[in-house]
Amino acid sequence: MKLYNTLTRRKDEFVPLVPGKVGIYTCGPTVYLFAHIGNFRAYVFADTLRRVLEYLGYEVKHVMNVTDVGHLTSDEDTGEDKLDKEARLEGKKPEEIAQFYEQAFFADAAKLSILRPNVVCRATEHIPEMIELVRRIEANGFAYRTAVGLIFDTGKYPEYALLSRLNLAEQQAGARTRVDPERRNPSDFALWITNQPNHLMQWDSPWGRGFPGWHVECSAMSIKYLGERFDIHTGGIDHIPVHHTNERAQNFAATGKEVVVHWMHNAFLVIGDARMGKSEGNLVTVSELEKRGVSPAGFRYLCQTALYRMPLSFTAESLSSAQNSLRGLVDFGRNAQGWPVKDAAWTEPYRQEFKDAVADDMNIPQGLAAVWSLVREGNQRQDRAAWDAILDFDRVLGLGLGKLSETQVHEYKVSDSSNVTIAVRFVASPPGTPAEVVALAEKRQAARDARDWDAADHLRRDILDRGYVVEDTKDGCSVKPRP
RNA sequence: GGCGGCUUAGCCAAGCAGCAAGGCGACGGUCUGCAAAACCGUUAUGCUCGGGUGCAAAUCCCGAAGCCGCCUCCA
């Protein structure tokens with residue numbers, strides 16, 4: 001398969017370091033607030049990457065960190081820790097804040113069918129590993145002390161600017177932050193921060209009591225769980241110039257190696273012309289989405305309509321478009337389940353198309369085109385083989401189509417006055433449909449059989465009042481929740 | 001000031017040199033007691049604009065305009 005690599009700026013052929021196996025590290029959430037759906041685009045992307053690799057037969061080890069310390073509110077390495085700040089604000093301990101928002105994060109992730117990474121690692125539980133990594137960096141001569149703590153000397157790493165293609169000479173030092181006169185280079189950053197007595201979370205270290213710089217955790221934990229050379233590192237595009245650039249520098253300073261082979265970055269979800277962000281005041285969470293009548297699966301579908309590397313427009317219109325598309329897919333599934341598998345052979349070209357698309361740098365939109373071809377042709381052929389193929393694709397799409405289209409069929413006999421069965425009718429409905437609704441549907445069919453259209457229409461109204469719509473077919477009807 | 005990205009139909013969005021995928025929406029038709037679903041058809045002689053290279057350009061090159069992100073924490 002091919003994957004775009006930020007380091008080389010082109011689609012590279014993906015060759016795993018160990019045949020058949022893939023290690024992925026994903027920059028996870030900083031658990032001091034609810035994650036918004038802009039954040040979740042990144043995790044849907046990472047999850048889809050994992051699913052694609054598994055679909056193509058790789059054994060994937062997916063590692064994700066949870067940042068619960070060391071992420072400062074400014075990059076001057078002197079600001080408040082986000083967790084500390086929120087803890088003070090809410091009058092709680094940092095651990096309580098972290099625990100609460102971590103739990104909330106994974107609850108939302110589960111709603112979005114994001115598979116839990118094989119390893120979820122918390123920064124605070126890896127302080128010894130971080131200290132060890134920093135010690136190696138220092139021993140290799142890449143660090144120096146200042147009043148702030150231990151600082152990474154980016155001048156010692158000639159390739160420092162390669163990932164972001166920064167032109168350090170032209171960068172305006174201190175254009176937006178004050179200059180620390182003790183720094184050797186404007187891009188130098190803290191590995192271990194000391195002399196911050198107000199910081200709530202502190203640990204002893206060779207450099208004094210303090211806490212790790214933000215970038216250290218990802219280097220330390222990715223290396224711990226995936227080794228000193230691993231396949232893929234994912235994150236948002238905003239991480240390229242600072243976080244990942246620094247991480248890469250640390251990796252090299254500690255190990256002497258290019259640790260990460262493929263760097264992959266997702267573009268932002270954009271609202272109108274702006275990104276979604278806390279300071280923009282346009283955050284939308286998964287719960288808010290649900291309140292607006294958009295299912296998590298609908299949002300996930302929206303994410304799958306665009307390439308992960310392209311900005312995606314998040315508007316009321318694009319959302320409802322996605323939600324409607326998903327509904328169409330689910331409707332097809334409900335119908336298709338009533339059909340026999342006639343001939344699976346005709347689905348082969350579409351299966352191939354899907355596979356080729358996702359193997360080409362995860363071109364999910366192209367894969368969706370194959371899905372819709374199957375819907376169209378499956379409908380024409382009335383062949384469940386189409387649905388079987390789509391369910392197979394859903395291992396990648398992660399829309400939960402199987403569950404969403406679940407249907408129970410209630411069959412019953414219709415008899416004449418002398419108790420002779422004259423027909424077998426059915427009512428199909430999703431699990432959880434109230435029995436009352438099914439009963440009304442049955443009653444309505446009887447009215448229809450009696451050609452009592454007024455009664456039938458009246459009953460349809462009653463069913464609608466209970467939140468369900470009826471669709472008639474030859475020998476029965478199906479009821480489903482009103483869209 | 002530096003780096004990066006985006007501009008394709010009403011909307012979302014693929015395509016990265018060889019007849020402009022797909023979805024949503026809209027409109028017309030078939031089916032239906034009426035609907036819904038489904039099916040059939042229509043919806044970009046053109047891809048921000050101007051040059052250039054090629055037999056051939058939405059795709060490559062040069063230039064312009066507009067929009068955005070990062071360089072402070074941010075997916």
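Below, chain A is the first sequence line, B the second, and so on; all start at residue 1. Everything numeric here is computed off the predicted structure, so don't read it as measured data.
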Can you tell me how far [atom1] in [N] sits from the matching atom in [M], rounded to whole Å?
N      : M      : atom1 : answer
B:rC6  : B:rA13 : P     : 13 Å
B:rG25 : B:rA9  : C1'   : 12 Å
B:rA14 : B:rC55 : P     : 32 Å
B:rG22 : B:rG15 : P     : 14 Å
B:rC24 : B:rA37 : P     : 11 Å
B:rU59 : B:rG46 : P     : 15 Å
B:rA17 : B:rU53 : C1'   : 12 Å
B:rG33 : B:rU42 : C1'   : 29 Å

Scan [X] against the nucleic acid and name what it touches under 4.0 Å (heavy atoms): base, sugar-phosphate only, or nothing.
X        : result
A:Ala369 : base
A:Leu307 : sugar-phosphate
A:Ser321 : base
A:Asn324 : sugar-phosphate
A:Phe40  : nothing
A:His265 : nothing
A:Pro311 : sugar-phosphate
A:Leu312 : sugar-phosphate
A:Val470 : base
A:Arg10  : nothing

May I have the distance from [X] (atom [atom1]) to [N] (atom [atom2]), rounded to whole angstrom?
X        : N      : atom1 : atom2 : result
A:Asp356 : B:rG22 : CG    : P     : 18 Å
A:Leu374 : B:rG23 : CG    : P     : 12 Å
A:His239 : B:rC70 : NE2   : C1'   : 12 Å
A:Arg460 : B:rU32 : CZ    : P     : 15 Å
A:Leu399 : B:rG23 : CG    : P     : 16 Å
A:Asn246 : B:rC71 : CG    : P     : 12 Å
A:Met310 : B:rC16 : CE    : P     : 11 Å
A:Met362 : B:rA13 : CE    : C1'   : 16 Å

hbond_proxy [X] side chain to [N] base (donor-acceptor, 3.5 Å cutoff):
X        : N      : result
A:Asn363 : B:rG15 : no
A:Asp472 : B:rC34 : yes
A:Arg376 : B:rG41 : no
A:Arg334 : B:rA37 : no

Given B:rG69, B:rC24, B:rG33, which nucleotide is nearest the side-chain atoms of A:Ser325?
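Of the candidates, B:rC24 comes closest.
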Among the candidates B:rG23, B:rC71, B:rA37, find the nucleotide nearest to the side-chain atoms of A:Val242.
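In terms of side-chain proximity for A:Val242, the closest of B:rG23, B:rC71, B:rA37 is B:rC71.
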Conformer about C1'-N of B:rG41 - syn within 90° of 0, anti elsewhere
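This nucleotide is in anti.
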Nearest-nucleotide 5' precedence on RNA chain B, A:Tyr43 against A:Ala322:
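Mapping each residue to its closest nucleotide by heavy atoms, the 5'-most match is A:Ala322.
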Nearest nucleotide by nearest heavy atom, which residue falls closer to the 5' end of RNA chain B, A:Phe332 or A:Arg41?
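Checking each residue's closest nucleotide, the 5'-ward one belongs to A:Phe332.
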Walk me through whether A:Tyr160 and A:Arg248 qualify under side-chain contact (heavy atoms from CB on, under 4.5 Å).
CA-CA 8 Å; A:Tyr160 179 75; A:Arg248 181 169 168 270; over 6 Å; no
Please step through side-chain contact (heavy atoms from CB on, under 4.5 Å) for the pair A:Leu440 and A:Tyr468, ending with a clear verdict.
CA-CA 11 Å; A:Leu440 285 169; A:Tyr468 286 80; over 6 Å; no
Pair A:Asp383-A:Glu377, side-chain contact (heavy atoms from CB on, under 4.5 Å): steps then yes or no
CA-CA 9 Å; A:Asp383 189 343; A:Glu377 197 166 338; over 6 Å; no
Could you say whether the aromatic ring of A:Trp453 and the base of B:rG33 stack, counting only centre distances under 5.5 Å and plane angles under 30°?
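Stacked: ring centres under 5.5 Å, planes under 30°.
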A:Glu102/A:Asp68 under side-chain contact (heavy atoms from CB on, under 4.5 Å): CA gap, chis, key distance, verdict
CA-CA 9 Å; A:Glu102 179 185 324; A:Asp68 54 359; 5.6 Å; no
Closer than 3.5 angstrom, by distance alone: can the side chain of A:Thr433 be matched with the main-chain N or O of A:Pro430 as a donor-acceptor pair?
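Yes.
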Give me the one residue out of A:Arg309, A:Lys2, A:Arg10 that meets salt bridge (charged side-chain N to carboxylate O under 4.0 Å, His left out) with A:Asp361.
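When A:Arg309, A:Lys2, A:Arg10 are each tested with A:Asp361, the salt bridge (charged side-chain N to carboxylate O under 4.0 Å, His left out) holds only for A:Arg309.
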Can you confirm whether A:Arg466 sits close enough to A:Ile463 that some side-chain heavy atom of one is under 4.5 Å from a side-chain heavy atom of the other?
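Heavy-atom side-chain distance check fails, nothing below 4.5 Å.
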Among A:His239, A:His243, A:His244, find the one that has a ring-ring contact (aromatic ring centres under 6.0 Å, His included) with A:Trp263.
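Between A:Trp263 and the candidates, ring-ring contact (aromatic ring centres under 6.0 Å, His included) is satisfied uniquely by A:His244.
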